Amino acid sequence: MSYETILVETRGAVTLITLNRPKALNALNSQVCAELVEAFAAFEADDTQGCAVLTGSGDKAFAAGADIKEMAEKPAADFFLGDFFADWQARIVRATRKPWIAAVNGFALGGGCELAMMADFILAADTAKFGQPEIKLGVAPGMGGSQRLTRAVGKAKAMEMCLTGRMMGAEEAERSGLVARIVPLADLVEDAVKTAQTIAGMPRMAAMVNKEMVNIAFETGLEQGLLTERRLFQILTATQDKAEGMAAFVEKRQAVWKGR
Ligand code: HXC
């Protein structure tokens, strides 16, 4: 599959996807939207791949948002009838059961911040800046910003950011729980790929279940979440990799995973 607005490469068991419209600060137009869906589907379908990293090309931006020039021309009916950006929730967030990381290398604004928050976690360059500035364009977040940012950083900061459009730097983002770790910009992609390789080297079903469990914490009450966790844990005990992992520990040797 050849792409025009993204780059896709594999590094061992890790798929590295790079948003590649640096002159437009990797703004997310409809072509990026479609190509990302394809790239994530290919990653998910490829058994040799265990984790993905999504980053932006250039030093300046992960993505400066949905493409304003494209949106400026579009009538409201097209946003509604086309269910603008609904594809990402259905075909990336829901359909990607393997873990993936957003490596945020600069501006992550509007749809760019929302895309980063769709990842299982965010690694941020020290230069990263997050924001939901849609209000300044007369609109509001439209692909998860008001919901995921609020869950990540709490009402006070999310409300302030959405209402003023102010950006949050990497340190504040880490302090607030939006990002897992800060990495110097020059090391960001290598660090993210290495982290992804660690995850890809884990027993595959356990990685998928761990991801599912943490996500369930955001979608259900505690009692139901705890029950689901117990059941998923119990199901994992039936895997070959559970037998291998525990035997390897007892025998003081490296485990050899089967991914089943
Ligand atoms: C289209 C964009 C863009 C965007 C930047 N560019 N952001 N093009 N859509 N979202 C383009 C600029 O037009 C310019 O191209 C080039 O990228 C460089 O940008 P500059 O503005 O010249 O750079 P700088 O002065 O350094 O400012 C950086 C910036 C600013 C602060 C990030 O570009 C900015 O504010 N961008 C818009 C951020 C934003 O409002 N995002 C939210 C979008 S709404 P030219 O060819 O003109 O030189 C959204 C809705 C999501 O995301 C919900 C969907 C359902």
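Counting begins at 1 with the first residue of the sequence. Predicted model, so just to flag it, every value in this text is computed and none were measured. Both counts, for ligands and for their atoms, begin at 1 and track the order of listing.
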Inset, instruction - State plainly whether the residues Glu244 and Arg253 are in salt-bridge range, i.e. N to O under 4.0 Å. - result: yes
Legend entry - Salt bridge flag under 4.0 Å for residues Glu44 and Arg91: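 A salt bridge is absent here (no side-chain N lies under 4.0 Å from a carboxylate O).
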Quick one: does [X]'s side chain have a donor or acceptor within less than 3.5 Å of a partner on [Y]'s backbone?
| X | Y | value |
| --- | --- | --- |
| Gln197 | Arg11 | yes |
| Glu114 | Met143 | yes |
| Thr150 | Ala158 | no |
| Arg21 | Ala27 | yes |
| Asp241 | Lys258 | yes |
| Asp87 | Ala34 | no |

Inset, instruction - Only heavy atoms count here, so choose which of Gly165, Gly111, Gly145 is nearest to atom 52 (O) of ligand 1. - result: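 Closest candidate by heavy-atom distance is Gly111.
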Inset, instruction - Can you figure out which of Leu115, Leu109, Ile68 has its heavy atom closest to atom 37 (C) of ligand 1? - result: Ile68
Under a 4.0 Å heavy-atom limit, does [X] contact ligand 1 with its side chain, its backbone, both, or neither?
| X | value |
| --- | --- |
| Ala64 | both |
| Lys23 | backbone |
| Pro133 | side chain |
| Leu28 | neither |

Legend entry - Any N or O of Met71 closer than 3.5 Å to N or O of ligand 1: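 Not met; the criterion fails.
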Legend entry - Under 3.5 Å: N/O of Glu114 near N/O of ligand 1: no
Does [atom] have a protein non-hydrogen atom under 4.0 Å from it?
| atom | result |
| --- | --- |
| atom 45 (P) of ligand 1 | yes |
| atom 34 (C) of ligand 1 | no |
| atom 23 (O) of ligand 1 | yes |

Note the single closest protein heavy atom to [atom], along with its residue, its atom name and the distance in Å.
| atom | value |
| --- | --- |
| atom 15 (O) of ligand 1 | Lys69 NZ, 3.5 Å |
| atom 19 (O) of ligand 1 | Leu25 CD1, 3.6 Å |
| atom 2 (C) of ligand 1 | Ala24 O, 3.8 Å |
| atom 53 (C) of ligand 1 | Gly142 N, 3.4 Å |

Legend entry - Evaluation steps, ring pair (Phe, Tyr, Trp, His ring centres under 6.0 Å), between Trp100 and Phe43: CA-CA 10 Å; Trp100 63 282; Phe43 157 66; 8.7 Å; no
[X] neighbourhood, listing ligand 1 atoms whose heavy-atom distance to it stays under 4.0 Å:
| X | value |
| --- | --- |
| Gly110 | 42 (C), 52 (O) |
| Glu134 | 44 (S), 49 (C), 50 (C), 51 (C) |
| Ala27 | 1 (C), 4 (C), 9 (N) |

Legend entry - Heavy-atom gap Lys60 to ligand 1 smaller than 4.0 Å: yes
Inset, instruction - Any chance you could lay out the side-chain hydrogen bond (donor to acceptor under 3.5 Å, both in side chains) test for Glu35 and Thr5, step after step, and finish with the verdict? - result: CA-CA 7 Å; Glu35 291 187 359; Thr5 62; 2.8 Å; yes
Inset, instruction - Identify the two heavy atoms, one from Arg148 and one from Val93, that lie closest to each other, and give their separation to 0.1 Å. - result: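 Looks like NH2-CG1, 3.7 Å.
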Inset, instruction - Assess whether atom CD of Glu219 is packed by more than 12 heavy atoms of other residues, nucleotides or ligands within 6.0 Å. - result: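 Yes, because the 6.0 Å sphere around CD of Glu219 holds more than 12 heavy atoms from other groups.
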